[in-house]
Number of protein chains: 2
Amino acid sequence: MAEEFGDRAQHLLKVLVESYIRSGQPVGSRALARDSGLDVSAATVRNAMADLEELGMVSSPHTSAGRIPTNKGYRIFVDSLLTIKPLSEREIITMRGQFGGEGSNQELAASVSSYLSGITEMAGMVMIPRTAKRSSLRHIEFMPLSDNRILAILVINEKDVQNTVIKVDRHYSAAELQQSANFLNSELTGHELFDVRHRILKELRETKVGMEQMMHQAITMAEQVFDQPVSSSDTDDFVLSGQTRLMGFEELSNIDKLRGLFEAFNEKQQILQLLDQCLDGDGVQIFIGDESGYGVLDECSMVTSGYQVDGEVLGILGVIGPTRMAYERVIPIVDVTAKLVSAALAQSK
Amino acid sequence: MAEEFGDRAQHLLKVLVESYIRSGQPVGSRALARDSGLDVSAATVRNAMADLEELGMVSSPHTSAGRIPTNKGYRIFVDSLLTIKPLSEREIITMRGQFGGEGSNQELAASVSSYLSGITEMAGMVMIPRTAKRSSLRHIEFMPLSDNRILAILVINEKDVQNTVIKVDRHYSAAELQQSANFLNSELTGHELFDVRHRILKELRETKVGMEQMMHQAITMAEQVFDQPVSSSDTDDFVLSGQTRLMGFEELSNIDKLRGLFEAFNEKQQILQLLDQCLDGDGVQIFIGDESGYGVLDECSMVTSGYQVDGEVLGILGVIGPTRMAYERVIPIVDVTAKLVSAALAQSK
DNA sequence: ATTAGCACTCGCAATCTTAGAGTGCTAAAC
DNA sequence: GTTTAGCACTCTAAGATTGCGAGTGCTAAT
């Protein structure tokens, strides 16, 4: 019952949010009555506003100002009131040109992130998930370093390369390492990283109990290589662009708030955690303000969508901007971008 | 003559700058007379101030405020008036513990940058120069990708790995690539990248006119690999930490200024250019305000120093902070850090 | 050359004023 | 019972006014 409110109230909320998004100013009853298209007086609107305020949808900054939407109000707005303006054919075509199949995943991500930032004039982000799933090992190679350390080079899929340094108990010659690599290549190449990590190594170890010394060493090394988080530096898998655009927004002119936000961007960890939550859902998802339970995003919203290959959500992309953003424009942009990226990935596979 | 001014004026300028750095407030004649230790009256100080103002060393924000140093005033201060407080033995020992010889150059740079930021409470930066000099090629390896593209993997020195994708005219088999790599390894391994790029390939091409097909291909590939800027992504060689700390400073509370600064940080290019200028000089160098001819650094100073191996300056590290920073503390910190990094690099070599 | 004295300037913060926007309530109208 | 008009009231934002304190520049005396 607390959530129930009539058609007119809904309509008014919609118009109010739209108006506030446009102007950034609290919306008064007179203006709202005029803009609503309804043939009601300002007094009636005032009554409705009082109800909406009681429901926690709107609030007024002070007694004699108009109303502004609360996070909850925004939530209702985007969930059930928003009329999305689909992109024109033209726009989609323009966008399609942006994401050529060239370059590594890293490069693609950077380009998409920057594109999102540019077109929405907010901050763009692309997360590249740990490549544990859907990534098959192409080749493995060892190289001796000083101090009993070995450089392992993994080639994954078609484009991506990862380097890991492991430590071993003694010095190995180049020839020995070559042998180990050959063995591992013959056993592991073509398998998905996920499988390699969770099954194959174990099997190898178990089945070949009496195996010769060399294989034993090889497997020990491999275990060390694949034990690490696959993406060598855990922070490489998240690209943020155009953060500075956020400095242009009124609601973020408070330096301390801005600072908190930028520090969060630098941490990455927390943002990634947030994005991980989106991995489950389907289609465009929206975080409004600190719904995420994450204080620094106070006056911000995130609009995200997963991109996928073969029907499986691989990663997340989206934008971060002020809560007061043009959702009806941003949502289809993020949506289409995710689909185009999915398509580009499918094609390059 | 324009630059000449007496001992007392110099002393007063020194005390003024120190006082302003401490308080951030314009310094009045009375306070300055008191703090100077000189047995003179405020009126005398006022006369001296008038002279200094004429010389462009100080200025007053408005008629009835005290004086603040201009960039030129700061310049004189750091060049000839500053008494540097050397670090205590204790502090140096603590610092020495920070930079273990572990990890790649990238990791070392990140750690140093972050350390500088932490201890100075400003932004730290470390530039890793293109590894063209002082970097010897350890190993080269090719791997076929789709679409006639080849992944080239370079191992440089002991720790660093670089990946480059090149395009070729036809498909090469793994065996063919192995052959090419073997050939190149035998010819190039152990040489410095700089030489490889500028001499050896050329020589090879010239001397072996009638060489067999395979070698020809190998050299063509190698030329493509080494033609690129050696650091695969040109932006990887600059690590900045703690930018957000800059948001805490009064003089950068202007959002637009801050935005310009952060955009410059994102560009990297321009900052790198600036740092390149430091490569020539010896010891600690200081940029004050927009001396660099670089507007966004308006109210900022950079304190930098080169770090070196075998007597050759390899890269630059330092800090960025407000012009009004505690130079007498920051300068020795940067100085010692550079020396410690040099030592750490020498050791790990 | 240095100093004391003094009039003067300026910025800052506090206080007050006014205009405008918008509300909440009440009583009448539909 | 919902809707409306009317009205008193509240609050803010923007100017205007004032007093204070800090600091200067000038002048005349030391």
Quiz prompt | Between C1' of D:dT4 and CG of A:Leu38, the distance in whole Å | solution = 15 Å

Self-check item: Flag side-chain contact, heavy atom, 4.5 Å: A:Met125 against A:Val319
Solution: no

Identify each atom pair where a protein N or O and an N or O of nucleotides 1-3 of chain C are less than 3.5 Å apart, giving names and distance.
unit_1: C:dT2; atom_1: OP1; unit_2: B:Arg8; atom_2: NH1; d: 3.2
unit_1: C:dT2; atom_1: OP1; unit_2: B:Arg8; atom_2: NH2; d: 3.3
unit_1: C:dT2; atom_1: OP2; unit_2: B:Arg8; atom_2: NH2; d: 2.8
unit_1: C:dT3; atom_1: OP2; unit_2: B:Ser41; atom_2: N; d: 3.3
unit_1: C:dT3; atom_1: OP2; unit_2: B:Thr44; atom_2: OG1; d: 2.2

Exercise. Check every atom of D:dT12, C:dC25, D:dC26 against the side chain of A:His62 and return the nucleotide holding the closest atom.
Key: D:dT12

Quiz item: So which nucleotide from C:dG24, C:dA21, D:dG25 ends up closest to the side chain of A:Glu53?
Solution: C:dG24

Quiz prompt | Value in whole Å for how far the C1' atom of C:dG24 lies from CG of A:Leu52 | solution = 16 Å

Self-check item: Distance in Å, A:Asn266 CG paired with A:Leu240 CG, rounded so as to fall on 0.5 Å steps
Solution: 9.5 Å

Exercise. Give me the residues of residues 17-30 of chain A where at least one heavy atom lies under 4.0 Å from an atom of DNA chain C, by number, or none.
Key: A:Gly28, A:Ser29

Quiz item: For the base of C:dC10, is there a side-chain donor-acceptor partner from B:Ser64 under 3.5 Å away?
Solution: yes

Indicate every side-chain donor-acceptor pair of residues 11-21 of chain B with a distance under 3.5 Å to a residue at least two apart or in another chain.
unit_1: B:His11; atom_1: NE2; unit_2: B:Ser36; atom_2: O; d: 2.8

Exercise. Output the distance between atom CG (B:Leu258) and atom CZ (A:Arg259), rounded to the nearest 0.5 Å.
Key: 10.5 Å

Self-check item: Ring center gap for B:Phe262 and A:Phe262 short of 6.0 angstrom
Solution: yes

Quiz item: How many Å lie between CG on B:Asp35 and P on D:dG23, as a whole number?
Solution: 12 Å

Practice problem: Using whole Å, report how far CD1 of B:Ile68 lies from P of D:dT24. | Solution: 13 Å

Exercise. Would you mind telling me which of D:dT24, C:dT23, D:dT10 lies closest to the side-chain atoms of B:Arg46?
Key: D:dT24

Quiz prompt | Interatomic spacing from OG in B:Ser59 to CZ in B:Arg67 - rounded to 0.5 Å | solution = 8.5 Å

Practice problem: Measure the CD-CD distance between A:Glu263 and A:Gln270 for me, rounded to the nearest 0.5 Å. | Solution: 10.0 Å

Quiz item: Checking side chain to side chain contact (heavy atoms under 4.5 Å, CB included) for the pair B:Gln10/B:Leu81: CA distance, chi angles, key distance, verdict?
Solution: CA-CA 7 Å; B:Gln10 289 202 15; B:Leu81 304 177; 3.3 Å; yes

Quiz item: Is the A:Phe77 to A:Tyr74 ring centre distance short of 6.0 Å?
Solution: no

